[in-house]
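Quantities reported herein were computed from a predicted structural model and do not represent experimental measurements.
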Amino acid sequence: MPAPADSYSVLERRLLEPAHRVLKTVYAPVVWLLARLGFTPNAVSLSQVPLAVLIVALIPTQPRLAFALFVVTLALDGVDGALARATNRATKFGALLDQYADHIREVLVVAGLAAHGALHPAIATLYGLAYPAFNFTLYVCNRYGVPLPIAIKSYLTFYPALFAYLWWGVNVLDVAGALAVGLMGAVIAQGLWRLRAAMDAGR
């Protein structure tokens, strides 16, 4: 059976399946409330963008609140899909819009860290280029039936450093950012290598 056309590696999809079942239960009251209030899944997805702007504004003066809001945006990334399924509004366009919102949030926060002097601008620039390319590569690999077995994502490398900086003031963002960029670059290279054969075979 072909892999779903999403931006997960084989290992991540296998590990996240139990977590998604738990999160479905956790999200249920929030989904119910949002549905009652008339929020659409697309509105929930797009809410990540203004929240990202607020996070950037709060970094210098209220770093812990900034991190708490960042966690909220990560939760919204799951709530929007759950709301779409619960209200029978799941669409391919909604899934695409969700991806746009996720990537804009990520790049805005990273750019904000660089603007506030917490992250080297060169690393922030490379991260901003690698992050969407990384997820797009995973998506296309799954689409062409050549899923990557493993991909180390930023929530395992960069997010812990973001927490350390915003919560305790410990700054290892340059190291974590460089590591994240390097690992994403390796996945992109591996994905392109697999796609070359898969795409050429189907031309």
Once rounded to the nearest 0.5 Å, what's the spacing between atom [atom1] of [X] and atom [atom2] of [Y]?
{"X": "Leu129", "Y": "Met184", "atom1": "CG", "atom2": "CE", "value": "10.0 Å"}
{"X": "Ile150", "Y": "Leu11", "atom1": "CD1", "atom2": "CG", "value": "5.0 Å"}
{"X": "Ile123", "Y": "Leu173", "atom1": "CD1", "atom2": "CG", "value": "9.0 Å"}
{"X": "Tyr139", "Y": "Gln99", "atom1": "OH", "atom2": "CD", "value": "9.5 Å"}
{"X": "Thr91", "Y": "Leu96", "atom1": "OG1", "atom2": "CG", "value": "9.0 Å"}

Are any non-hydrogen side-chain atoms of [X] and [Y] less than 4.5 angstrom apart?
{"X": "Arg194", "Y": "Leu148", "answer": "yes"}
{"X": "Leu162", "Y": "Leu113", "answer": "yes"}
{"X": "Phe158", "Y": "Leu119", "answer": "yes"}
{"X": "Leu192", "Y": "Ile188", "answer": "yes"}

Donor-acceptor side-chain pairing of Tyr127 and Ser154 below 3.5 angstrom: yes
Could you state whether [X] and [Y] fall into the same hydrophobic cluster, counting links through intermediate Ile, Leu, Val, Met, Phe, Trp or Tyr residues with side-chain heavy atoms under 4.5 angstrom apart?
{"X": "Phe163", "Y": "Tyr165", "result": "yes"}
{"X": "Leu183", "Y": "Leu126", "result": "yes"}
{"X": "Trp168", "Y": "Tyr159", "result": "yes"}
{"X": "Leu156", "Y": "Leu166", "result": "yes"}
{"X": "Val109", "Y": "Val170", "result": "yes"}

Neighbour count >12 (heavy atoms, 6.0 Å) for atom CZ, Phe136: no
Looking only at heavy atoms, what is the nearest atom pair of [X] and [Y], with distance?
{"X": "Ala114", "Y": "Pro121", "result": "CB-CA, 4.2 Å"}
{"X": "Leu138", "Y": "Ala151", "result": "CD2-CB, 4.0 Å"}
{"X": "Thr157", "Y": "Ala176", "result": "O-CB, 3.6 Å"}
{"X": "Ala101", "Y": "Gln48", "result": "CB-NE2, 4.0 Å"}

Residue list, ring-ring contact (aromatic ring centres under 6.0 Å, His included) with His120, at least two apart or on another chain: none
Hey, can you pull the donor-acceptor pairs under 3.5 Å for the side chains in residues 54-79, sequence neighbours left out?
unit_1 : atom_1 : unit_2 : atom_2 : d
Arg64  : NE     : Trp167 : O      : 3.0
Arg64  : NH2    : Trp167 : O      : 3.1
Thr73  : OG1    : Phe70  : O      : 2.5

Other ILVMFWY residues reachable from Val53 by side-chain steps of under 4.5 Å: Val49, Ile104, Leu108
Any residue meeting side-chain contact (heavy atoms from CB on, under 4.5 Å) with Glu12, in chain and number order, not counting sequence neighbours: Tyr8, Ser9, Leu16, Lys153, Tyr155
All side-chain contact (heavy atoms from CB on, under 4.5 Å) counterparts of Pro18, not counting sequence neighbours: Arg21
Donor-acceptor pair, side chain of Asn135 and main chain of Tyr131, under 3.5 angstrom: yes
Main-chain N/O of Asp6 paired to Asn142 side chain as donor or acceptor, under 3.5 Å: yes
For residues 27-43, dump all side-chain donor-acceptor pairs below 3.5 Å to protein atoms at least two apart in sequence or in another chain.
unit_1 : atom_1 : unit_2 : atom_2 : d
Thr40  : OG1    : Ala43  : N      : 3.1

